[in-house]
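Working notes, beginning with the structure itself.
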Protein chains: 2
Amino acid sequence: MLSYKERFKYFLKERDLKYTPEREEIIEAIVKLQKHFDAEDIYQQLRKQKSDVSLATVYRTIPLLVDSGLIMETLHCREKVLYEKIYNKRRHDHMVCINCGKIIEFYNEDVEKLQDEICHKYQFVATEHRLGIKGYCKECQDKLNIKVTHSKKEKN
Amino acid sequence: MLSYKERFKYFLKERDLKYTPEREEIIEAIVKLQKHFDAEDIYQQLRKQKSDVSLATVYRTIPLLVDSGLIMETLHCREKVLYEKIYNKRRHDHMVCINCGKIIEFYNEDVEKLQDEICHKYQFVATEHRLGIKGYCKECQDKLNIKVTHSKKEKN
DNA sequence: ATATTATTGAGAATGATACTCAATTACATC
DNA sequence: GATGTAATTGAGTATCATTCTCAATAATAT
């Protein structure tokens, strides 16, 4: 398994694109970022590294990072696109607490099986899926005094 | 089951908000809209109805429509939020063709079961979920000569 | 070393959505 | 039906993330 830098360099070469210092610094930045991040987070991390790659270049580089399989768009939150590193990580889905904003990652084998089943039925070839569950995390349930009533909708 | 208008009127009254002609015209517009739509689509439908509700009012009304359970945010496409009517409809998920953009709706009971299971494990209380599958629809598979290899990732 | 072509930064442009504010209106109460 | 009050409206402006433009620079192949 190649390192992030090597993988990116290889990807660029494949497409006759150039491996510039700016692109290297961006790779260094995303490697350091944890969890979910947006373009601005990458830009701030670059500042921390004393790099002065422009925000425009960050935006220009994101599609390359996505195409090279290093990161992927995962969540839309408050009109922002969030990314996360996916190279060398197993895929997972998300639960988002609508009270505190906490993001919980989970992996479930059955989701993949279900996807296969559904795609087969509709003659669809999937390249990816995203399952997002919104609701309340344990802490917020306690805080807000929400009672657990599994998936039963309250009548109104 | 109340009509869209009655449901909205009731919702507004509950909150001491006013049922204005503009809001009524917006309701009439969304009732006529099919499938997935955005704020601009509502605005255009209003124009067709010879209503001159402003776009600002459309944006202001959308959260009310969401809170009243008449529509819901369903997909993010090209940085736009898409909505769809959900009142009196059973919930479903989506497959989106990344070639032609076609949206296929599907309902699968097991998705709900899976959600319960996952939420139970993580002590999470779900209010909603969204499963989106991206890939290629039948027509585009044929057009692009894509072979079906269910969910096996090609090695690279 | 040179030529070619991609890349960069800066700033302007875009486009969806939100805000501001004065004028208007819905509705509860009289 | 008239009145008061708070909600609502349209128009225009503001915001904010993202994309584009363009001239200057730099990475690679030869």
Side-chain angles (χ1 to χ4, degrees), chain A residues 5-6 8-30 36-47 49-68 71-83, chain B residues 5-6 8-30 36-47 49-68 71-83:
Chain A
K5 275 191 194 181
E6 287 164 336
F8 197 43
K9 198 182 274 181
Y10 179 75
F11 168 84
L12 293 170
K13 184 151 242 161
E14 262 182 341
R15 312 210 166 183
D16 286 313
L17 299 175
K18 293 166 183 172
Y19 189 69
T20 64
E22 289 83 1
R23 285 174 181 171
E24 175 156 274
E25 286 161 18
I26 290 172
I27 282 288
E28 287 165 359
I30 67 148
H36 303 80
F37 51 85
D38 62 13
E40 186 63 29
D41 294 327
I42 299 175
Y43 186 66
Q44 291 309 324
Q45 176 59 38
L46 286 164
R47 286 299 93 101
Q49 296 169 202
K50 307 293 180 212
S51 157
D52 39 71
V53 173
S54 74
L55 189 54
T57 296
V58 170
Y59 275 108
R60 278 190 284 238
T61 307
I62 286 173
L64 298 174
L65 294 167
V66 171
D67 288 351
S68 64
I71 68 172
M72 116 181 230
E73 199 186 306
T74 44
L75 295 168
H76 284 268
C77 259
R78 279 172 261 108
E79 293 161 34
K80 282 172 127 182
V81 181
L82 292 183
Y83 298 91
Chain B
K5 276 192 194 179
E6 287 164 336
F8 197 43
K9 198 182 273 183
Y10 180 75
F11 167 83
L12 292 170
K13 186 150 239 164
E14 262 183 343
R15 311 208 167 185
D16 285 314
L17 300 175
K18 292 166 183 169
Y19 188 70
T20 64
E22 289 83 2
R23 286 175 179 167
E24 175 156 275
E25 286 162 19
I26 290 173
I27 282 288
E28 287 166 359
I30 70 150
H36 303 80
F37 52 86
D38 62 13
E40 186 62 29
D41 294 327
I42 298 174
Y43 186 67
Q44 291 309 325
Q45 176 58 39
L46 286 163
R47 287 300 90 104
Q49 296 170 202
K50 308 293 181 211
S51 157
D52 39 70
V53 173
S54 74
L55 189 53
T57 296
V58 170
Y59 276 108
R60 279 190 284 237
T61 308
I62 286 173
L64 297 174
L65 294 167
V66 171
D67 288 351
S68 64
I71 67 173
M72 116 181 232
E73 198 186 305
T74 43
L75 294 168
H76 283 267
C77 259
R78 280 172 262 109
E79 293 162 30
K80 281 174 129 184
V81 181
L82 293 183
Y83 299 90

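Just so you know, these numbers come straight off a predicted model, no measurement behind them. Both backbone and side-chain heavy atoms feed into the values below; hydrogens, waters and symmetry mates do not. Naming: A, B, ... by sequence-line order, numbering from 1 per chain.
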Would you indicate which nucleotide in [options] comes nearest to any side-chain atom of [X]?
X: B:P21; options: D:dT19, C:dA26, D:dT9; answer: C:dA26
X: B:R60; options: D:dT21, D:dG10, D:dA17; answer: D:dG10
X: B:A56; options: C:dC27, D:dA11, D:dC20; answer: D:dA11
X: B:T20; options: D:dT18, C:dT17, D:dT9; answer: D:dT9

Atom pair distance, as rounded to whole Å: [atom1] in [X] and [atom2] in [N]:
X: B:D16; N: C:dA26; atom1: CG; atom2: C1'; answer: 12 Å
X: A:I26; N: C:dG9; atom1: CD1; atom2: C1'; answer: 12 Å
X: B:E40; N: C:dA16; atom1: CD; atom2: C1'; answer: 10 Å
X: B:L17; N: C:dA26; atom1: CG; atom2: C1'; answer: 12 Å
X: A:K13; N: D:dA29; atom1: NZ; atom2: P; answer: 5 Å
X: A:E24; N: C:dT7; atom1: CD; atom2: C1'; answer: 15 Å
X: A:R15; N: C:dT7; atom1: CZ; atom2: P; answer: 11 Å
X: A:E25; N: C:dT7; atom1: CD; atom2: C1'; answer: 14 Å

Practice item. Only one of B:E25, B:E28, B:E24 passes side chain to side chain donor-acceptor pair (under 3.5 Å) with B:S51; say which it is. Key: B:E25

Review point. Is a side-chain N or O of B:T61 found less than 3.5 angstrom from the main chain of B:T57, in a donor-acceptor match?
Key: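 Yes, because the side chain of B:T61 sits within donor-acceptor range (under 3.5 Å) of the backbone of B:T57.
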
Review point. Looking across every strand, which nucleic acid part, if any, lies under 4.0 Å from B:D38 by heavy atom: base, sugar-phosphate, or nothing?
Key: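 It contacts nothing in the nucleic acid.
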
Between [X] and [Y], is any pair of side-chain heavy atoms under 4.5 Å apart?
X: A:K9; Y: A:I27; result: no
X: B:H36; Y: B:Y83; result: no
X: A:V66; Y: A:E73; result: no

Exercise for review: Look at the side-chain N and O atoms of A:Y59 and state whether any lies under 4.0 Å from the OP1 or OP2 oxygen of D:dT18.
Suggested key: yes

Review point. Side-chain N or O of B:R23 less than 4.0 angstrom from OP1 or OP2 on D:dT9?
Key: yes

Check your understanding: Quick one: on DNA chain C, does A:T61 or B:Y19 contact a more 5' nucleotide (nearest heavy atom)?
Key -> A:T61

**Study point:** Side-chain donor/acceptor of B:K18 to base of D:dA6, under 3.5 Å
**Key:**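 Indeed, a donor on one side and an acceptor on the other fall under 3.5 Å apart.
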
